Number of protein chains: 2
Amino acid sequence: MSSPRRITLKDLAAELGVSTASISNAFNRPDQLSPKLRERILSEARRLGYTGPDAKARSLRTGRSRIIAVVLAESLTYSLNDAVSSELLSGIAEVLDAHGHTLLLLSGRQHASQAPGSANMADGYIVYGLMPSLMLLSGLPAQSPLVAVDFNIDDRPTVHIDNEPASYAIARHALRTPSRRPAVINLRLTRQPCNGRITEEHELLSAEQTITRSRLIGFHRAFEEHGIDPAQVPMWNIEENTFEVSAPVIEEILDLPEDERPDLLLCMSDRIALTALTLAERRGLRVPQDLRLTGFDGIAEGQYRPPRLTTVRQDSVEKGRIAAKMILGLAPRERKLLTTELLIGESCP
Amino acid sequence: MSSPRRITLKDLAAELGVSTASISNAFNRPDQLSPKLRERILSEARRLGYTGPDAKARSLRTGRSRIIAVVLAESLTYSLNDAVSSELLSGIAEVLDAHGHTLLLLSGRQHASQAPGSANMADGYIVYGLMPSLMLLSGLPAQSPLVAVDFNIDDRPTVHIDNEPASYAIARHALRTPSRRPAVINLRLTRQPCNGRITEEHELLSAEQTITRSRLIGFHRAFEEHGIDPAQVPMWNIEENTFEVSAPVIEEILDLPEDERPDLLLCMSDRIALTALTLAERRGLRVPQDLRLTGFDGIAEGQYRPPRLTTVRQDSVEKGRIAAKMILGLAPRERKLLTTELLIGESCP
DNA sequence: CTGAAAGCGCTTACAG
DNA sequence: CTGAAAGCGCTTACAG
């Protein structure tokens, strides 16, 4: 209550009449001093309210902070509420936790404009999501380990899933039941923001820049195999993977006259597919009789209630675990590709 | 590529023939040097690959890290995937972001056993959830600001919602339609873990220790008003607010013979109510005709598809925002009470 | 507007 | 097993 300032390791050493090295060793290297001395130090420390070496000083001295930063392309708000990215984060957190590290969340968006922040305190960086600005990356200490998840960045280590084959597989499954008017709902596929129908005007991002493009390529391969010209398949784009942002686009699709309205919607995410499901049901459309739907991700919410989504299940938790292990040097720093699983629900039997 | 080590502020000063103070000022206090010199420093820094002052050194020197830690009672994995706590986190993140701070996630569980970690690096602590061990709290620097959310800790500032009146209100609404066999599904209410029916053997936590108890008190008040003896209302308890953990308990309830099976379930969370909804529908029970359900929280998932949950909506995002503002000194450090809203859905009209 | 110097609190070879 | 001493990279009064 009345302590004028926090007690330091040096104060404690003076108080006990031992060297600062012994205090430090008592907390960090028990084998470097006698158990008796260590016990005395620890109990005196408790008594005097010294809770251990200051992390700020230690990190400066040792050069390591035991903090790993996750740089999120989306806002923190979005990332924390989205099922897929929060699973990624929990996989990361699980591994960091188990190895005495903690997780610092950085938003890619805020980052660029930021005054010098705490970003360069981290021992390593996991960068998640599409197209982080180069500014952002150049702001990070060049020599720190960095792992990219779901996109490529130079020749850095990455963790990916098999987007193209997985999308091919789900589209092939869907097209086994003939579809007269298939359509695709993309996610962040266009260079310029577009929350609506994609036209020839729109420039699409490359497969290097976004996983969505790889997924579209898989869909197209399946279309061609079934004698459908991909260029004739209408496409829409969604700017953010939320109910709120995707709902108006989906309403636009469902508003089409019945002979133009798609009977099969291949969606780039479960969130989009679930939004389509909700809105279709509200209008009295039956899924799958009137409209078949596929998703991507395999989030729990899509599997709780019938009709369960036909989707591609990816293990985002494992993706996070692997990225964290790479950063900590517990897994080889390479380009890792995870496989996915086709999940067949009632939304597209 | 071949730089032997990272360039420091001192190196840069030597290179440019200016003092270290000017370099520091160029990055931190533009008004302390001429624009011309500042420009020269910044451009040389870029050229030599100096990305700005090292955060570890700065935080030691200034005593501030611009990091705020959130200490979560649950595991990080749970907290990141639960709708309510991730909303809280996003409210916190939003405010921190806007004020140049970053978010460090600490798990209360891991924390106690931890070797000296990076925990005491933070400038402040937001502690969320029930009954953190005292060990945990004593490990935090005593003089740092601390805000507790959803429980009380000594006379520290807190952010709460009006649990008792809100629960009273929803129970009163539910009991307007007569119920022959009401029941309550609690969450972490017992001192000893109990995932199943609560009997007289079980000791309940106090309202100081868990918000669940406050909610139960509200339910009981409504029961009494409707001439129902609270002691006659069967109660179950759930240990973790997830589908997996609550499902077996709910199956146990639904397995009861028809003349014992509750016709009204007052649940302590939407997650529990949604699990009950899913499992009831799987058995062909109709909600609300055969079984009425109420939740608590007002998460989005409960409102997407019919029957929407009758529930109490709490603004977890706002709770997070306020806690963050208190920590940053942008809001008075007091005991803040947020109000909630009764949401009437089809699960209990 | 600029520079010289102290010191934030610790850890770690190193010598004894 | 213990202690004296250097120094991690910065910021900030302070003097000029």
Side-chain angles (χ1 to χ4, degrees), chain A residues 4-41 45 48-66 115-123 141 143-144, chain B residues 4-41 45 48-66 115-123 141 143-144:
Chain A
R5 64 186 188 85
R6 200 168 114 76
I7 183 175
T8 69
L9 182 147
K10 202 171 155 193
D11 299 335
L12 185 59
E15 191 76 29
L16 282 173
V18 301
S19 78
T20 58
S22 293
I23 309 284
S24 175
N25 286 333
F27 283 95
N28 299 314
R29 305 167 148 200
D31 55 312
Q32 296 293 301
L33 76 177
S34 67
K36 186 168 292 181
L37 179 58
R38 175 158 194 258
E39 211 27 75
R40 186 162 82 94
I41 291 174
L48 297 171
Y50 181 73
T51 55
D54 179 78
K56 299 196 262 312
R58 195 220 339 260
S59 70
L60 172 58
R61 178 58 234 226
T62 63
R64 307 196 333 103
S65 60
R66 297 186 192 168
S118 43
N120 71 19
M121 183 145 14
D123 293 341
Q143 72 292 347
S144 316
Chain B
R5 63 185 188 85
R6 197 167 115 77
I7 183 176
T8 69
L9 181 147
K10 201 172 156 193
D11 299 336
L12 184 60
E15 191 76 30
L16 282 172
V18 301
S19 78
T20 57
S22 292
I23 309 283
S24 175
N25 287 331
F27 283 96
N28 299 314
R29 305 166 149 199
D31 54 311
Q32 296 293 301
L33 76 178
S34 66
K36 187 167 290 178
L37 179 58
R38 175 158 194 256
E39 211 28 77
R40 186 161 82 93
I41 290 173
L48 296 171
Y50 180 73
T51 54
D54 179 76
K56 299 196 262 312
R58 196 225 330 265
S59 69
L60 172 58
R61 176 60 234 224
T62 64
R64 309 197 331 106
S65 60
R66 296 183 193 170
S118 43
N120 71 21
M121 183 146 13
D123 293 341
Q143 72 293 344
S144 315

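What you see below is based on every heavy atom in this structure, not just the backbone, and it leaves out hydrogens, waters and symmetry mates. On a predicted model such as this, the values are computed, not experimentally measured, just so you know. In what follows, chains carry the letters A, B, and so on, assigned in the order in which the sequence lines appear, proteins first and then strands, with residues in each chain numbered from 1.
- Under 4.0 angstrom from either OP1 or OP2 of D/dC1 there lies no side-chain N or O belonging to A/S22.
- Using a 4.5 Å heavy-atom cutoff, the side chains of B/R38 and B/N25 are not in contact.
- A/N25 has no side-chain polar atom (N or O) that falls below the 4.0 Å cut-off from OP1 or OP2 of C/dT11.
- Under 4.0 angstrom from either OP1 or OP2 of C/dG9 there lies no side-chain N or O belonging to A/Y50.
- Atom-to-atom, CD1 of B/I41 to C1' of C/dT2 comes out at 10 Å; the value is rounded to the nearest Å.
- For A/T62, the side-chain atoms get nearest to C/dT12 when compared with the rest of D/dG9, C/dT12, D/dT12.
- Nearest-nucleotide positions on DNA chain D place A/P35 closer to the 5' end than the other of B/K56 and A/P35.
- Rounded to an integer number of Å, the gap from CG of A/N28 to C1' of C/dG9 is 13 Å.
- As judged by a 4.0 angstrom heavy-atom cut-off over every strand, B/L37 is placed among residues touching the sugar-phosphate backbone only.
- The side chain of A/T8 approaches C/dG9 more closely than any other nucleotide in the set C/dG9, D/dG3, C/dA4.
- You'll find the side chain of B/R40 reaches within 4.5 Å of the side chain of B/V18, heavy atoms only.
- The distance from atom CG of A/D31 to atom P of C/dT12 is 12 Å, rounded to the nearest whole Å.
- If you measure from atom CZ of B/F27 to atom C1' of D/dC10, you get 12 Å, rounded to the nearest angstrom.
- Listed nucleotides C/dT11, C/dG9, D/dT11 differ in distance to B/T20; the shortest reach to its side chain belongs to D/dT11.
- Straight-line distance from the CG atom of A/L12 to the C1' atom of C/dC10: 13 Å, rounded to whole Å.
- Nearest heavy atoms, A/L12 versus A/A45: CD2-CB, 3.8 Å.
- Checking C/dA4, C/dT11, D/dC10 against the side-chain heavy atoms of A/P53 singles out C/dT11 as nearest.
- For the pair A/M121 and B/M121, the minimum side-chain heavy-atom distance is below 4.5 Å.
- Each of B/Q32 and A/A57 was matched to the nucleotide of DNA chain C holding its nearest heavy atom; the match closer to the 5' end belongs to B/Q32.
- Taking atom NZ of residue B/K10 and atom P of nucleotide D/dG9, one finds them 9 Å apart after rounding to whole Å.
- Closest to the side chain of A/R61, out of C/dC10, D/dA4, C/dT2, is C/dC10.
- When the side-chain nitrogen and oxygen atoms of B/S24 are compared with OP1 and OP2 of D/dT12, none of them lie within a distance under 4.0 Å.
- Between B/R38 atom CZ and C/dT2 atom C1' the separation is 16 Å, expressed in whole Å.
- Base pairing of C/dC1: its partner is D/dG16, meeting the Watson-Crick or G-U wobble criterion (both donor-acceptor distances under 3.5 Å).
- Comparing atom distances between the B/L9 side chain and each of D/dT12, D/dC10, C/dA13 picks out D/dC10 as nearest.
- By the 4.5 Å heavy-atom criterion applied to side chains, B/S144 and B/D123 are not counted as neighbours.
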* To do: Verify side-chain contact (heavy atoms from CB on, under 4.5 Å) between B/D11 and B/L48, making sure each step is shown before the conclusion.
  => CA-CA 10 Å; B/D11 299 336; B/L48 296 171; over 6 Å; no

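- Which of D/dC10, C/dG9, C/dT11 sits closest to the side chain of A/L60 comes down to C/dG9.
- Here D/dA4 is the nucleotide among D/dA4, C/dT11, D/dT11 with the atom lying nearest to any side-chain atom of A/S19.
- Taking atom CG on B/L16 and atom P on C/dT2, their separation rounds to 13 Å, with Å as the unit.
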